[in-house]
Amino acid sequence: MAKKKRGKTFWQHIRFQYKLSILNEKTLEEVWAYKLSLLSAFWAGLALFIFAVLIVSTLIVYTPIKNFLPGYLDVKARNDIQNNALRLDSLEEQISNQDKYLANLKGVLRGDIKLDSISVIDSLISVSPENVKASKAELAYRAQYEEDEKYNLSIQPKSSNGEKSIVFTRPVKGVISQNFNPSIKQFGIAVAANANSPVMSVLEGNVIQTGYLPNGTEFIQVQHTDGYISIYKNCSRILKSPGDNVHAGEALGTTATSSDKKSIPVIIEIWYKGKPVNPSQYIVF
């Protein structure tokens, strides 16, 4: 009976209503009144707490605020931020180089910077070439030099029909993972190589364009002699800029890697007089 009485007393206590009134100080007239019990105050506080939790959860899930909380930034967004930072750094460097070039050009046009010149020094002794005979050492050096230059790839011998026979250098060490197929707009071949491997120029030429691809990688385009153009896609850390002269076998960049540190196949394209050709017919991989 005592326990039942205490339980009834507690229930009556929390349901006992209190009156909250606001009075006019001068007339003591009741302006506003509200009845409140401990139980109703508890339910009101609980409802307010649940409403606040719902509002905060909605803001975190459906708004960009979640990106500022630790652990909520996904891998794709982190990679996008890193790639955009690298692009911004490359653009700043390119703008700086262009500003320096324009400043030097203005200086040359104004006459502030003198062009390079070669000073000629007259000698008191005039030597006739006919009177100078080659020594044995010089003749031996000439013979050795001519023998070495027979196998120099920079010297392009002419074929029987009068055209130059061009020797292409392998641009990257790897295995062909996708063949040349213009019918599906595959104008080059894809070469699977190791991560961070060098991507080299197939011939001597001049860099005419560099840029970014939609997948976040970079490309570089090189103009060669006799109407050849080579394009290297899915690269990273491009080492050359437009206008640079490159030699056959010189590194242009490195192979790119995906978010899981796997190498992305490099796409090699060879264009001859505006038309794509199969690189496998020119390059031995």
Side-chain angles (χ1 to χ4, degrees), residues 1-96 98-99 177-178 184-185 190 192-197 210-219 233-238 253-267:
M1 291 294 294
K3 183 182 294 186
K4 185 176 181 181
K5 185 177 181 180
R6 283 197 301 270
K8 185 177 181 181
T9 304
F10 172 76
W11 185 253
Q12 291 177 349
H13 177 68
I14 63 174
R15 295 186 62 183
F16 183 80
Q17 292 187 349
Y18 298 89
K19 184 177 182 181
L20 178 64
S21 301
I22 298 178
L23 304 177
N24 190 327
E25 183 180 2
K26 295 182 179 180
T27 61
L28 298 180
E29 181 182 359
E30 188 178 58
V31 178
W32 180 82
Y34 182 75
K35 293 182 179 181
L36 183 69
S37 65
L38 294 178
L39 183 60
S40 60
F42 170 76
W43 288 118
L46 181 61
L48 183 61
F49 175 76
I50 295 175
F51 178 75
V53 170
L54 292 176
I55 292 296
V56 173
S57 301
T58 303
L59 291 176
I60 292 176
V61 173
Y62 296 102
T63 64
I65 297 178
K66 63 181 179 181
N67 294 329
F68 296 96
L69 299 178
Y72 275 91
L73 189 62
D74 57 0
V75 177
K76 184 179 182 301
R78 188 180 296 108
N79 291 335
D80 291 341
I81 293 173
Q82 184 178 3
N83 292 332
N84 291 332
L86 294 175
R87 293 178 185 176
L88 180 61
D89 182 68
S90 300
L91 291 175
E92 289 179 351
E93 184 178 358
Q94 186 173 359
I95 292 174
S96 176
Q98 291 178 351
D99 291 340
S177 59
Q178 190 171 2
I184 58 172
K185 296 184 179 181
N194 294 329
N196 299 321
S197 297
T210 60
Y212 292 90
L213 297 172
N215 61 356
T217 61
E218 301 180 60
F219 74 92
K233 298 180 179 179
N234 292 343
C235 299
S236 67
R237 291 188 295 178
I238 294 297
T254 58
T255 56
T257 56
S258 59
S259 58
D260 55 356
K261 304 301 181 182
K262 293 184 179 180
S263 177
I264 300 176
V266 182
I267 298 178

Sequence neighbours excluded, which residues qualify as side-chain contact (heavy atoms from CB on, under 4.5 Å) partners of [X]?
X      : result
Lys185 : Phe187
Thr58  : Tyr62
Leu38  : His13, Ile14
Ser263 : Ala195, Thr255

Set of side-chain hydrogen bond (donor to acceptor under 3.5 Å, both in side chains) partners for [X], sequence neighbours left out:
X      : result
Thr257 : none
Glu30  : Lys19, Ser21
Ser57  : none
Asn196 : none

Kindly give the heavy-atom pair with the smallest separation between [X] and [Y], and that separation in Å.
X      : Y      : value
Cys235 : Thr217 : O-CB, 3.6 Å
Phe219 : Tyr212 : CE2-N, 3.9 Å
Leu213 : Glu218 : CD1-O, 4.2 Å
Pro265 : Ser177 : CB-OG, 4.0 Å

(message) Between Asn234 and Ile267 (side chain of the first, backbone of the second, donor and acceptor by atom type, cut-off under 3.5 Å), is there such a pair?
(response)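 Pair absent, no side-chain N/O of Asn234 close to backbone of Ile267.
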
(request) Using atom types as modelled and distance alone, determine if a side-chain donor or acceptor of Ser90 lies under 3.5 Å from a backbone N or O of Leu86. (result)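 Yes: the side chain of Ser90 pairs with the backbone of Leu86.
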
Using a 3.5 Å cut-off and no angle test, enumerate the donor-acceptor pairs between side-chain atoms of residues 46-56 and protein atoms at least two apart in sequence or in another chain.
none

(request) Among residues two or more places apart or on two chains, list those pairs meeting side-chain hydrogen bond (donor to acceptor under 3.5 Å, both in side chains) that have a residue in residues 38-55. (result) Ser37-Ser40

